[in-house]
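This report concerns only the one structure given below.
Because only heavy atoms are used, hydrogens play no part in the values below, and waters and symmetry mates are left out as well, while side chains stay in.
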Amino acid sequence: GFADAADEDGKRTMSGGRYKIYRGGTQPSMGGDYNLTGGVIELTGGSAINIRTGVTPKQYLNIEVSGTNVTAGSTNDTGITFQSGGTFTVKDGATYKVPNKDGFTGTTTSSIKNVADLSSIVLEPNSNIEYNRNVVGETQTVSQGTVTTPSDAHYQNVIMSGSSNKNAATGNTIIAGTTLVKSDAVFEVPTANSVITALGKITVENAGEFIFHNDTNLMQSTATIGNDNLQNEGSVTVIRTSPMKKNNYTYWSSPVSGQELKAFSLGTAQVRFYQYIESTNLFQTVLWTDKFTPGKGYAIMAPSTYTTTQANFDGEFKGVPTNGTKKADTSPLEFPLQLTPITPNRGFNMIGNPYPSNIDFEVLYALNSTKIYNTAYFWTNVDPNRPSSTNGNGDAYTGNAYAIYNGTGGVPATTSGPGTGTGGTSLTPTQFIKVGQGFIVKAKQSGQLIFNNSIRNAVGSSNFMSKGASSDKDRY
């Protein structure tokens, strides 16, 4: 082979054919002028290869990556420059590593510097883009640049490694294949209304972190890809913010498997975790050491240190993200609806959104229309009669603290007492129910309420109901 060129010498001319490089280090080895009018330069094998960039950027034409340890340049933020009409391909099974602060594509400091000049960027099935910036205290952006293949995603498979925090760009980052967060990495979705659409298995290694901040979503299906049998591995963190005051309750539901109740709200008294009992219309304490059951709702009081001044409670759900029709232990993702016969004003069941994405109540109802009525009830705290109080529990309850969605629209909760909105009026619910939200439905019959990915939605406008119209809806 050619000797390495330490200086900018050794010209490279290529009009056709394939120049296949197995050797590690900075490659191609020639450091002088490049005159590339045809052919393909392929970087292959398992050696660490840095694609030569140069003091004066090399103008590449066609590059293929078939190796497993290939990156652009020898420093973190260098990138590859292409001629007009150039092509860049990462082959099936190959790994292209991206240490650039600004990600894979999209800016002049990204790994692919002038993406607009390329005729194609092809990421073949089972190809990997690895974000591996390793500078403590820095943030690396996981970009959303357009690629030719896959045509409907930004990546095939992605890997997160290295100590720099990996932050998803604002918007919807679409990953056609698997997502791997290694043990030394933190991958965050920091911006509200941003989405990760991960259509393959998510794996988070021990000590790795995958964090979804308030009002972000994880989708694992599309209109054409159901993915109901896809099972994830490893723990993610899903953050949900609820404005609360002293003695307020929020109806919660976990988007993950494995989250203990008390660990979710450490400041809440051990006797202030409740489930709802359909047969009595009463709340009943649950063991604080219990774990959330996906699909089930729980009433949890604000931490004991809270005062009458409203403050945000940032709940953190930690566990395996729920997907499709099964829990993390592969048991069916279902809720056992109860309807006590003969007794009037029964059938109310506290369920919840089981997914780390919003859900569409209209679709949930359509899926279970023989089992539940098309109405959802959301506790809002605008009524001072909280669930555990004498006047806030069972058939004696006469307040209006439940906001309602009934299939034709939303009705806010109202009260003459102090509320969080103007005149003691709550937010108005919509058909889209946010991550972490517990709520009540009325059963038509006993049986299993089912969930699947068709009910998930990441774009619908919605409110998280934590902060009342009078009928049987207020019996609980």
Side-chain angles (χ1 to χ4, degrees), residues 46 48 65-72 90-101 103-105 111 123-135 138-145 147 149-150 152-169 172-190 194-213 216-222 225 227 229-238 255-258 318-324 328 356-357:
V65 175
S66 58
T68 56
N69 193 2
V70 180
T71 191
V90 183
K91 303 290 284 183
D92 189 324
T95 299
Y96 181 69
K97 297 187 175 183
V98 178
N100 302 65
K101 193 173 183 178
F104 177 44
T105 64
S111 185
L123 307 179
E124 291 188 355
N126 298 313
S127 65
N128 304 292
I129 300 297
E130 179 172 349
Y131 280 81
N132 69 331
R133 193 176 184 89
N134 193 32
V135 182
E138 288 194 353
T139 297
Q140 182 179 22
T141 298
V142 179
S143 60
Q144 296 173 357
V147 299
T149 302
D152 54 357
H154 301 106
Y155 302 95
Q156 294 285 2
N157 302 327
V158 294
I159 301 169
M160 305 297 165
S161 66
S163 61
S164 298
N165 267 38
K166 315 301 186 283
N167 279 8
N172 185 4
T173 303
I174 305 174
I175 303 162
T178 61
T179 301
L180 170 61
V181 181
K182 302 191 100 171
S183 59
D184 61 345
V186 177
F187 184 20
E188 298 195 53
V189 190
S194 291
V195 183
I196 297 292
T197 299
L199 299 178
K201 179 180 179 180
I202 293 171
T203 301
V204 182
E205 293 182 351
N206 289 338
E209 296 184 69
F210 195 176
I211 304 171
F212 292 84
H213 288 263
T216 63
N217 284 267
L218 168 62
M219 292 289 290
Q220 294 202 261
S221 62
T222 67
I225 301 174
N227 266 352
N229 294 317
L230 183 69
Q231 292 286 291
N232 299 308
E233 182 180 347
S235 180
V236 304
T237 299
V238 180
V256 304
S257 291
K318 296 184 178 183
V320 180
T322 305
N323 179 66
S357 67

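A pairwise comparison of heavy atoms in T179 and A198 identifies OG1-CB, 4.0 Å as the closest pair. S194 approaches A169 most closely through the heavy-atom pair OG-O, 4.1 Å. The two atoms that bring T322 and P356 nearest to each other are O-CD, 3.4 Å, heavy atoms only. Taking all atoms of both residues into account, the shortest heavy-atom contact from Y131 to T141 is CE2-O, 3.4 Å. Nearest heavy-atom pair across V204 and E209 is CG1-N, 4.1 Å. Residues Q140 and N132 approach most closely at OE1-N, 3.9 Å, considering heavy atoms.
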Side chain to side chain contact (heavy atoms under 4.5 Å, CB included) between T203 and T178, intermediate numbers included: CA-CA 8 Å; T203 301; T178 61; over 6 Å; no
So Y96 and L123, side chain to side chain contact (heavy atoms under 4.5 Å, CB included) or not? Walk me through it. CA-CA 10 Å; Y96 181 69; L123 307 179; over 6 Å; no
Check against side chain to side chain contact (heavy atoms under 4.5 Å, CB included), H213 and I211: CA-CA 6 Å; H213 288 263; I211 304 171; 3.7 Å; yes
V98 and I129: side chain to side chain contact (heavy atoms under 4.5 Å, CB included), yes or no, with the steps? CA-CA 7 Å; V98 178; I129 300 297; 3.8 Å; yes
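Within 6.0 Å of NZ in K201 there are more than 12 heavy atoms belonging to other residues, nucleotides or ligands.
Distance check: T237 OG1 to F212 CZ gives 10.0 Å after rounding to the nearest 0.5 Å. Between the CG atom of N172 and the OG1 atom of T197 there is a distance of 3.5 Å, given to the nearest 0.5 Å. Remark: E188 CD to T216 OG1 distance equals 10.0 Å, nearest 0.5 Å. Between I196 atom CD1 and S357 atom OG the span is 13.0 Å, to the nearest 0.5 Å. Atom CG of L230 and atom CD1 of I225 lie 11.0 Å apart (nearest 0.5 Å).
Note on ring orientation: taking the six-membered ring where Trp is involved, the planes of F210 and F187 are parallel (angle under 30°, cut-offs 30° and 60°).
Residues M160 and V158 have side chains in contact (heavy-atom distance under 4.5 Å, counting atoms from C-beta outward). Residues N206 and S183 have side chains not in contact (no heavy-atom distance under 4.5 Å, counting atoms from C-beta outward). Counting heavy atoms from C-beta outward, S161 and D184 have side chains that approach closer than 4.5 Å. Within the 4.5 Å cutoff, the side chain of V236 has heavy atoms near those of the V256 side chain. Between Q156 and P125, some side-chain heavy-atom pair lies under the 4.5 Å cut-off. With a 4.5 Å cut-off on side-chain heavy atoms, L218 and I202 count as touching. Counting only heavy atoms from C-beta outward, the side chains of N157 and L180 never approach each other to under 4.5 Å.
In this structure a side-chain-to-backbone donor-acceptor pair under 3.5 Å is present from H154 to I174. Side-chain atoms of K166 come within 3.5 Å of backbone N or O of R133 as a donor-acceptor pair.
Residue K97 is tested with N128, N69, T71 for a side chain to side chain donor-acceptor pair (under 3.5 Å); the sole match is N69.
In summary, E205 and K182 do not engage in a salt bridge, as defined by a charged side-chain N under 4.0 Å from a carboxylate O.
Counted by atom type alone, T139 and N165 present zero donor-acceptor pairs between their side chains at under 3.5 Å.
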